[in-house]
Undergrad: 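Have a look at this one before I ask anything.
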Amino acid sequence: MPFAVARSLEIADQTVSIYSNSVSASRAAGEVIARTIRSAVSVRGKAVLGLATGTSSILVYEHLASLFRQKDLSFADVTTYNLDEYYPTAPTAPQSYRRFMADHLFDKVDLAANRTHLLDGTVPEAFAADHAAAYDDWIKSDGGLDLQFLGVGRNGHIGFNEPSDIGVARALELPTRLAELHPITLADAARDFGGDETRVPRRALTMGIAPILSARSILVLAFGASKAAPVAQALTGPICSELPASLLQTVSEKVIWILDEAAARDLG
Ligand code: GLP
């Protein structure tokens, strides 16, 4: 079996599936998304997905595109909402998440252009808040997200909801908005900007914690040793706004984590 689970754990009521490497883990994650699409389409006639970017998502999208090529999966009844976008950023910029999604998924499957949504990195700043609020409304009017796909930052961010000291109650209410990027995020993002951190936009539009946690199911992926500490803190540490991924514990029953052995290292 190419994607046989190495071990499965239940931690803080969250399902954690650990695979020997990121290739088999990515395929397993692709299968979770494919199953969600098939079941939502058969029950409701459509599937609505929240999507993530980042290196951890690349092989997942490759697997979904291969299922489409093999005629095992159609995206004709799928609508997507991505988590985040640098601000300001043109959709055509090589580092834009719109570009990333076109390259890795949108241009490879039968997704209609008016069903692939990203926050708009060209919106005038004075209208950024209206645009972000409209984005949350679009998701609600689409019936909510069947599945939210997430990566985790080295600092425990989800989307671009960065560590802060605002407290749990306020963090759980965070809507989609324009947000400042954390120093660790800026350092990690530099690799997409020719290694030059000064070229990384200081801000991004991000789906908020509230709409993320409202999804009917949540799939979190983390690969590599650099994610071991934030993963362990998110699953076994206190729920706190300083580590946004720990807020997933508040909706534990609908969260599935898919990890490789390196990212699971500190889970015991
Ligand atoms: C990025 C994105 C997140 C992503 C995360 C993990 O900064 N804003 O949406 O999921 O960080 O990225 P990676 O998979 O490259 O580690």
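In listed order, ligands and their atoms are each counted from 1.
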Undergrad: Donor-acceptor pairs under 3.5 angstrom involving side-chain atoms of residues 223-233: please list them, not counting sequence neighbours.
TA:
{"unit_1": "K227", "atom_1": "NZ", "unit_2": "V152", "atom_2": "O", "d": "2.9"}

Undergrad: Report yes or no: do D142 and Y81 form a side-chain donor-acceptor pair below 3.5 Å?
TA: yes

Undergrad: Tabulation required: pairs of a nitrogen or oxygen in ligand 1 and a protein nitrogen or oxygen under 3.5 Å; columns are atom names and distance to 0.1 Å; otherwise 'none'.
TA:
{"unit_1": "ligand 1", "atom_1": "7 (O)", "unit_2": "H157", "atom_2": "NE2", "d": "3.4"}
{"unit_1": "ligand 1", "atom_1": "8 (N)", "unit_2": "D84", "atom_2": "OD2", "d": "2.8"}
{"unit_1": "ligand 1", "atom_1": "8 (N)", "unit_2": "G159", "atom_2": "O", "d": "3.4"}
{"unit_1": "ligand 1", "atom_1": "9 (O)", "unit_2": "D84", "atom_2": "OD2", "d": "3.1"}
{"unit_1": "ligand 1", "atom_1": "10 (O)", "unit_2": "T53", "atom_2": "O", "d": "3.4"}
{"unit_1": "ligand 1", "atom_1": "10 (O)", "unit_2": "G151", "atom_2": "N", "d": "3.3"}
{"unit_1": "ligand 1", "atom_1": "11 (O)", "unit_2": "H157", "atom_2": "NE2", "d": "3.0"}
{"unit_1": "ligand 1", "atom_1": "14 (O)", "unit_2": "T55", "atom_2": "N", "d": "3.3"}
{"unit_1": "ligand 1", "atom_1": "14 (O)", "unit_2": "S56", "atom_2": "N", "d": "2.9"}
{"unit_1": "ligand 1", "atom_1": "14 (O)", "unit_2": "S56", "atom_2": "OG", "d": "2.3"}
{"unit_1": "ligand 1", "atom_1": "15 (O)", "unit_2": "T55", "atom_2": "N", "d": "2.8"}
{"unit_1": "ligand 1", "atom_1": "15 (O)", "unit_2": "T55", "atom_2": "OG1", "d": "2.8"}
{"unit_1": "ligand 1", "atom_1": "15 (O)", "unit_2": "R191", "atom_2": "NH2", "d": "3.0"}
{"unit_1": "ligand 1", "atom_1": "16 (O)", "unit_2": "K227", "atom_2": "NZ", "d": "2.5"}

Undergrad: Could I get the full list of salt bridge (charged side-chain N to carboxylate O under 4.0 Å, His left out) partners for R177, not counting sequence neighbours?
TA: none

Undergrad: If you measure only the distance, is there a donor-acceptor pair under 3.5 Å linking the side chains of D146 and S217?
TA: no

Undergrad: Can you list every pair that meets ring-ring contact (aromatic ring centres under 6.0 Å, His included) and has a residue in residues 172-221, with sequence neighbours left out?
TA: Y86-F193

Undergrad: Are side-chain N/O atoms of S22 and D260 paired as donor and acceptor at under 3.5 Å?
TA: no

